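Report on the following structure.
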Amino acid sequence: MITITDSIKYVGVNDKTIDLFEGQYIVPNGVSYNSYAIMDEKIAVLDTVDKRKTEEWLDNVEIALAGRIPDYLIISHMEPDHSASIKVFLQKYPSTFVVGNEKTFNIAERFFGSIFDKKIVVKDGDELSLGKHTLRFVFAPMVHWPEVMFAYEKTEKVLFSADAFGKFGALDVDEDWTCEARRYYINIVGKYGATVQSALKKAAQLDIAVICPLHGPVLTENLGYYIGKYNIWSSYMPEDKGVTVAYSSIYGNTADAAKRLAYYLDKAGLRVEIFDLARDDMAEAVESAFRYDRLVLASITYDGGLFPATEQFINRLKSKNFQNRTVAFIENGSWAPMSGKLMRAQFEAMKNITFAENSVTVASAINSDADDALRKLSAELAK
């Protein structure tokens, strides 16, 4: 069991059996469902876990409590990977008061019915004393559900941040925080940048020594780094200079064009990431597009429209408020290439998109004209 401080215990669990998080995101290193217990004159348990790990979590809670009964169950987020074990917890500890806001209980009753006869409804800024420890509730709506709230423990300066600052990956896996935190943020919370910015402004008024998210490791050092990343991501600004090249190809000719462009860009000294949208992890491609300041999309024309994987990728970018980037296109078609025009039309509806002056049309396979166009596009993007 992880000890955060002498009084604050980690009682969460790792899940390395899950294949898809939220039914769509590949998690090769699993995920953690984080839960915490504050031991004081009164005991507060903060959040439950996914039903896949209820029994293991209850065992962890029981060990931490060492025979005591919890006084409060704090619910910061009602998404089922954090709330699914509420009912079982209350069956085991029926005297516990559930603490949440009005929207928390509106959603909770849709999941569990009228089981909350002992509840405390808090408002933004309300406080709850446990003895030496005091929790202040800081509402963070739409990060990324409407009921989300943080809890700030004033004595030990611990921010329980709900899904904010979380990442994919079980806690017993040693991996870089940034990559999987970025993929988690962009694909799950990315749509709600404006509300994340509001939450960061609230957090800036707090003296924070430790951040305890609902997924991923507890953050205890260099907190400015993590907060800085969230500020970049939620403001939709590029994090690094570089080019994401994302392509869809049926017989390999469009892939050849994309790979040749990536080669030229690499030779020009640019950082390049390339993705086959039909085969590679779509969430990683989306993450990369948000990370870098330039994006190139290469697609064949399919049934007079876009290839499905390309269309899905663009729709994902649009749904996450993709903006503030330079975008270029490579199109391919054997008799009526339309993909370039169609892709551009999609991006014209997004904010602050700069289009490259050069574009590339491949007529079935790369020839000298297409290669010249690829070199010109590479030179422009490398400026």
Side-chain angles (χ1 to χ4, degrees), residues 10-15 18 20-25 27 29-36 45-53 57 73-86 99-101 103-104 107-108 111 124 137-152 158-171 177-203 206 208 210-219 223 226-227 229-234 283 286-287 290 319-321:
Y10 177 89
V11 293
V13 293
N14 288 320
D15 185 357
I18 187 172
L20 294 176
F21 185 82
E22 287 193 350
Q24 58 180 316
Y25 301 113
V27 281
N29 292 323
V31 69
S32 67
Y33 310 120
N34 296 346
S35 174
Y36 307 91
V45 174
L46 291 95
D47 292 290
T48 78
V49 302
D50 191 273
K51 64 183 179 181
R52 299 162 59 91
K53 290 291 183 175
W57 170 70
L73 174 64
I74 314 296
I75 304 299
S76 65
H77 186 19
M78 271 303 304
E79 199 169 7
D81 54 332
H82 308 299
S83 69
S85 301
I86 290 175
V99 180
N101 58 62
K103 291 179 179 179
T104 304
I107 297 174
F111 278 110
D124 193 14
F137 299 104
V138 180
F139 284 16
M142 299 316 300
V143 184
H144 58 121
W145 279 27
E147 85 299 348
V148 170
M149 65 181 187
F150 300 161
Y152 174 68
V158 178
L159 181 67
F160 298 93
S161 61
D163 271 347
F165 303 103
K167 67 176 284 292
F168 295 128
L171 295 187
W177 180 89
T178 307
C179 181
E180 285 294 70
R182 184 191 302 109
R183 187 166 72 99
Y184 176 90
Y185 174 86
I186 295 299
N187 287 280
I188 294 175
V189 190
K191 178 180 177 67
Y192 305 105
T195 52
V196 173
Q197 283 282 303
S198 296
L200 288 175
K201 289 177 182 177
K202 287 185 176 182
L206 305 172
I208 302 170
V210 179
I211 297 176
C212 292
L214 288 179
H215 297 291
V218 173
L219 306 176
L223 299 186
Y226 306 108
I227 294 170
K229 289 296 185 184
Y230 255 64
N231 186 51
I232 292 171
W233 299 339
S234 59
V286 171
E287 172 207 341
F290 274 86
S319 72
K320 305 304 178 185
N321 287 331

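If you're wondering where the values come from, they're calculated on a predicted model, not measured in any experiment.
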- request: Could I get the full list of side-chain contact (heavy atoms from CB on, under 4.5 Å) partners for Ala140, not counting sequence neighbours?
  value: Val143, Val148, Phe150, Ala199
- prompt: Of all residues at least two apart in sequence or in a different chain, which pass the side-chain contact (heavy atoms from CB on, under 4.5 Å) check with Thr48?
  reply: Trp57, Leu73, Ser85, Ile86
field: Interatomic distance, His144 atom NE2 to Asp163 atom CG [nearest 0.5 angstrom]
entry: 4.5 Å
message: Can you tell me how the ring of Phe168 sits relative to the ring of Phe21, calling it parallel under 30°, perpendicular over 60° and tilted otherwise?
response: perpendicular
- request: Please identify each residue that fulfils side chain to side chain donor-acceptor pair (under 3.5 Å) with Tyr185, with sequence neighbours left out.
  value: none
- line: Tested for side chain to side chain contact (heavy atoms under 4.5 Å, CB included) against Tyr36, the lone hit among Ile74, Val45, Val218 is Val218
task: Kindly indicate whether the side chain of Lys167, heavy atoms from C-beta on, has any atom under 4.5 Å from the side chain of Cys179.
output: no
message: When you measure from the side chain of Ser35 to the backbone of Leu46, do you find a donor-acceptor pair of N or O atoms at a distance under 3.5 Å?
response: yes
- request: With sequence neighbours excluded, tell me which residues meet salt bridge (Lys or Arg N to Asp or Glu O under 4.0 Å) with Glu180.
  value: Arg183
message: Consider side chain to side chain contact (heavy atoms under 4.5 Å, CB included). Of Asp15, Asp50, Leu171, which one does Val31 pass it with?
response: Asp15
Pairing residues for Asp81 by the salt bridge (Lys or Arg N to Asp or Glu O under 4.0 Å) criterion, not counting sequence neighbours: none
- prompt: In terms of the angle between their ring planes, are Trp145 and His77 parallel, tilted or perpendicular, with boundaries placed at 30° and 60°?
  reply: perpendicular
field: ring pair (Phe, Tyr, Trp, His ring centres under 6.0 Å) against Phe165, all qualifying residues, sequence neighbours excluded
entry: Tyr230
statement: When rounded to the nearest 0.5 Å, the distance separating CG of Leu200 from CG of Asn231 is 6.0 Å
- request: Kindly write out the residues that satisfy salt bridge (Lys or Arg N to Asp or Glu O under 4.0 Å) with Lys202, not counting sequence neighbours, or none if the list is empty.
  value: Asp124
field: Residues in side chain to side chain donor-acceptor pair (under 3.5 Å) contact with Asn187, at least two apart in sequence or another chain
entry: none
task: Look only at the side chain of Asn34 and the backbone of Cys212, and say whether a donor-acceptor pair between them is shorter than 3.5 Å.
output: no
With sequence neighbours excluded, residues passing side chain to side chain donor-acceptor pair (under 3.5 Å) with Glu22: none
message: Could you work out, with side-chain contact (heavy atoms from CB on, under 4.5 Å) as the rule, every residue matching Lys103, not counting sequence neighbours?
response: Asn101, Pro146, Glu147
- request: Compare every heavy atom of Tyr184 with every heavy atom of Gly166, then report the nearest pair and how far apart it is.
  value: O-CD2, 3.6 Å
- line: To the nearest 0.5 Å, atom CZ of Arg182 lies from atom NZ of Lys229 at 6.0 Å
- prompt: Looking at residues at least two apart in the chain, or sitting in another chain, which of them share a side-chain contact (heavy atoms from CB on, under 4.5 Å) with Pro141?
  reply: Phe139
message: For the CG atom of Leu214 and the CD atom of Glu79, what is their distance to the nearest 0.5 Å?
response: 9.5 Å
task: Any chance you could measure Ser83, atom OG, to Ile107, atom CD1, to the nearest 0.5 Å?
output: 9.0 Å
message: Please check this pair: side chain of Thr195 against backbone of Met142, looking for a donor-acceptor N/O pair closer than 3.5 Å.
response: yes
- prompt: Could you give the distance from CG (Leu159) to CD1 (Ile208), rounded to the nearest 0.5 Å?
  reply: 4.5 Å
- request: Mind checking salt bridge (Lys or Arg N to Asp or Glu O under 4.0 Å) for Lys320 and listing every partner two or more places apart, or none if nothing turns up?
  value: none
statement: Heavy atoms of Ile211 and Pro213 approach each other most closely as O-CD, 3.3 Å
